[in-house]
Amino acid sequence: MKKTVDEEEKNIKQHGKMHAQIERCKIDLQKDPSNPAHHERLGDIYMKWHLDIYNSGQYVDEAITEYQLAMESLLDSHEIYYKLGTAFYHKGELDKALKYLTTALEKKHDYYDAYYMIAETFIKKAHFTDAVDAAIAATQCTKLGSSSAHHLLYKLYEASSFKDNKMKFKAGLERFLSLLLIPFDRIALSNIAKSFSYLVFLPVFISGFYTMQLKDYGKAIELYKNAIEKAPGFAPLYCVLGDIYLSTGYFEDAITEYKMAIWLDSFNIAAYRHLCHAYEEQGDYNQAIEIYNKLISMAPNIPDLYSNLANIYYIKGEFDLAISHYQTAITLNPNRSWTSVIAQTLGFVYQENKTDPDAAISAYQTAYVLTPEDIDIYVNLGSAFYDKEDYQNALSIYRQALELQPHNAKIHCNLGFLYWGKGDTEEAIKSYELAIKYNPNYDIAYNNLGVIYLDDLGRVNNAIELFSKAIESNPSYALAYFNLARATSIVGDKVEAAKMYQSAQEINKVTQEIDPKDIADKISELFES
């Protein structure tokens, strides 16, 4: 971020002014070292300098030292405990911050600033219920000067207001009160002044966006790093830099930037989301789970947080936890099409990983009620009925699907598998041929039809032709190579059969379609005399 000469001069003058104020306080302390007012004033200056977003130094320890020296003579001062609590909050020692802020309240029970900072501290600790209680207590301390506490309540309620009209109303009311009371709240006025001062970064974001469109990532990174050097306390800069690192695969760097953004802005839901994504990309699922749980405690009614968390549990093989979170996402039901997809995912987990066709059928039926036009639901539901050996219902479902899409190759292929399982070879052949007719590159249909010709009808040459077409449609189809090898060995070409088995063996290392022992046994049998 390039700064104008005027901006540079302004910052130099400001830093010079800070230095001068510090020196004056130190001179005063030399004259009167036991004066707590001098220590408190020096602590205030250090704290102000520490919080300046254009300051790259860390002065919170100096502020804490001065406040503690002042406290030795001000043991009954609620303000000095408040200032110490605030300093420890900005240092990141949140338990100490709560201790001093609570002590400030013991000295003054209706201390608005202390309640407000306790709410902020609880937010940073992800204790959102406690934060709400503290913010409400703050609003009860003062009626006119409570804009900042009402704004905090607005953000807390808004985060949890998804599909909750009562919470939306409460959030709206708090926002109205926060706007109405701004003129009477010095914290709110200070925050607004800060917000307007951030407009100076608009050219940086515009330039960064343009550079990203040109895919000049190195230049974009340099641009935002320079901006952060000038303004290390401005959270959005870290977010954007994290996004660039994430998009270019530098996950550790992205994580660092998102953590900084969250530290500076505890309510930055986008930074939390992107941090989860970075951990997922890195394969650190435990950390991703921890962050998702924090997000959910902050915003408990956002359904995709539950579905994303369920996806991670599924990847980890923790299917019961995945099911539980998918069910919560479905209950929140943001819209019919999204919820239908999640219900189908839940059905898949029940069917494939829990071997529970009844639960799978129930989940697929939920999806059907939501989006009866989705042809995939019929495919999945029919498959679940097949697994349950309820062939009549499976057949009924597939026929309904064909009424919607009579030329759907997948439905015909599934019908073929159903007829084949029932022992109706003639109907199975017809269905597989229709599947191939409507999709000439349908590898599974070619392979399955080939198996019928090979194992049920003994028409080896027809089977070889079909297996070859399956491989032509999908060169990475290990099972088709395996079956082609079986057919080729029957016609006596053992060398060619061995090649096919070896191809199946190599592909199967990746696709894992076949038990490797089955391939090894077939190769051994091939050359037994």
Side-chain angles (χ1 to χ4, degrees), residues 1 53 120 122-128 131 151-164 167-168 171 175 191 194-195 198-199 201-202 204-213 217 220-221 223-225 227-228 231-282 284-285 287-312 325 329 332 334-335 338:
M1 179 177 72
I53 66 167
E120 289 279 20
F122 277 131
I123 288 172
K124 204 172 279 288
K125 285 171 70 70
H127 296 175
F128 300 108
H151 184 68
L152 207 57
L153 283 169
Y154 155 67
K155 291 197 293 182
L156 286 160
Y157 291 150
E158 179 69 17
S160 59
S161 67
F162 187 86
K163 296 202 76 175
D164 186 334
M167 196 63 73
K168 282 181 181 178
R175 188 177 192 186
N191 289 336
K194 281 183 184 178
S195 298
Y198 296 155
L199 290 173
F201 295 101
L202 187 59
V204 177
F205 289 115
I206 293 172
S207 178
F209 176 79
Y210 177 73
T211 307
M212 286 292 291
Q213 298 307 301
Y217 301 114
I221 289 170
L223 175 73
Y224 286 111
K225 286 174 75 173
I228 287 171
F234 190 45
L237 293 172
Y238 295 95
C239 282
V240 178
L241 183 56
D243 290 346
I244 299 171
Y245 282 133
L246 183 60
S247 65
T248 52
Y250 293 95
F251 304 125
E252 282 291 348
D253 292 321
I255 288 167
T256 299
E257 302 305 327
Y258 292 136
K259 283 183 175 179
M260 276 301 304
I262 290 167
W263 174 248
L264 292 168
D265 179 6
S266 304
F267 244 109
N268 197 327
I269 290 179
Y272 275 110
R273 283 182 175 274
H274 293 180
L275 179 58
C276 290
H277 186 195
Y279 278 129
E280 288 180 68
E281 290 290 336
Q282 195 182 43
D284 192 344
Y285 298 121
Q287 284 291 339
I289 287 169
E290 182 180 334
I291 300 301
Y292 269 123
N293 281 323
K294 282 186 179 180
L295 256 178
I296 286 169
S297 66
M298 184 190 303
N301 294 324
I302 299 179
D304 70 285
L305 298 180
Y306 294 94
S307 63
N308 291 346
L309 184 52
N311 291 340
I312 297 174
H325 285 83
L332 291 169
N335 61 68
W338 185 90

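Computation of the quantities below employed the complete heavy-atom set of this structure, encompassing side-chain atoms and omitting hydrogens, waters and symmetry-equivalent molecules.
Here Ile244 contributes atom CD1 and Met212 contributes atom CE; the two are 5.0 Å apart, rounded to the nearest 0.5 Å. The distance from the CD1 atom of Ile291 to the CD atom of Glu280 is 11.5 Å, given to the nearest 0.5 Å. Taking CG of Asp243 as the reference point, atom OG1 of Thr248 lies at 10.5 Å (rounded to 0.5 Å). Separating the CD atom in Glu290 from the SG atom in Cys276 is a distance of 10.0 Å, to the nearest 0.5 Å. Expressed to the nearest 0.5 Å, how far CD1 of Ile255 lies from OH of Tyr245 amounts to 13.0 Å. Here the CD1 atom belonging to Ile123 is positioned 6.5 Å from the NZ atom belonging to Lys155, to the nearest 0.5 angstrom.
Cys239 approaches Tyr258 most closely through the heavy-atom pair O-CE2, 3.6 Å. Taking both residues in full, the closest heavy atoms of Ala288 and Ile312 are given as CB-CD1, 3.7 Å, listed atom of the first, atom of the second, then distance. Taking both residues in full, the closest heavy atoms of Ile262 and Ala271 are given as CG1-CB, 3.7 Å, listed atom of the first, atom of the second, then distance. Residues Leu264 and Ala235 share a closest heavy-atom pair of CB-CB, 3.8 Å. Annotation for Tyr224 and Phe209: closest pair OH-N, 4.1 Å, computed over non-hydrogen atoms. The heavy-atom pair separating Tyr292 from Leu309 by the smallest distance is CB-CD1, 3.9 Å.
A heavy-atom distance below 4.5 Å is not found between the side chains of Ile228 and Phe234. Counting only heavy atoms from C-beta outward, the side chains of Trp338 and Ser307 approach each other to under 4.5 Å.
Within a 6.0 Å sphere centred on NZ of Lys259, heavy atoms belonging to other residues, nucleotides or ligands number 12 at most.
The backbone N or O of Lys294 sits less than 3.5 Å from a side-chain atom of Ser297, completing a donor-acceptor pair. Put simply, the side chain of Asp265 never gets that close to the backbone of Ala261: no donor and acceptor are under 3.5 Å apart.
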From CA spacing to verdict: salt bridge (Lys or Arg N to Asp or Glu O under 4.0 Å), Asp304, Arg273: CA-CA 11 Å; Asp304 70 285; Arg273 283 182 175 274; 2.7 Å; yes
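Side-chain contact annotation: Glu257 with Tyr250, donor-acceptor N/O pair under 3.5 Å absent.
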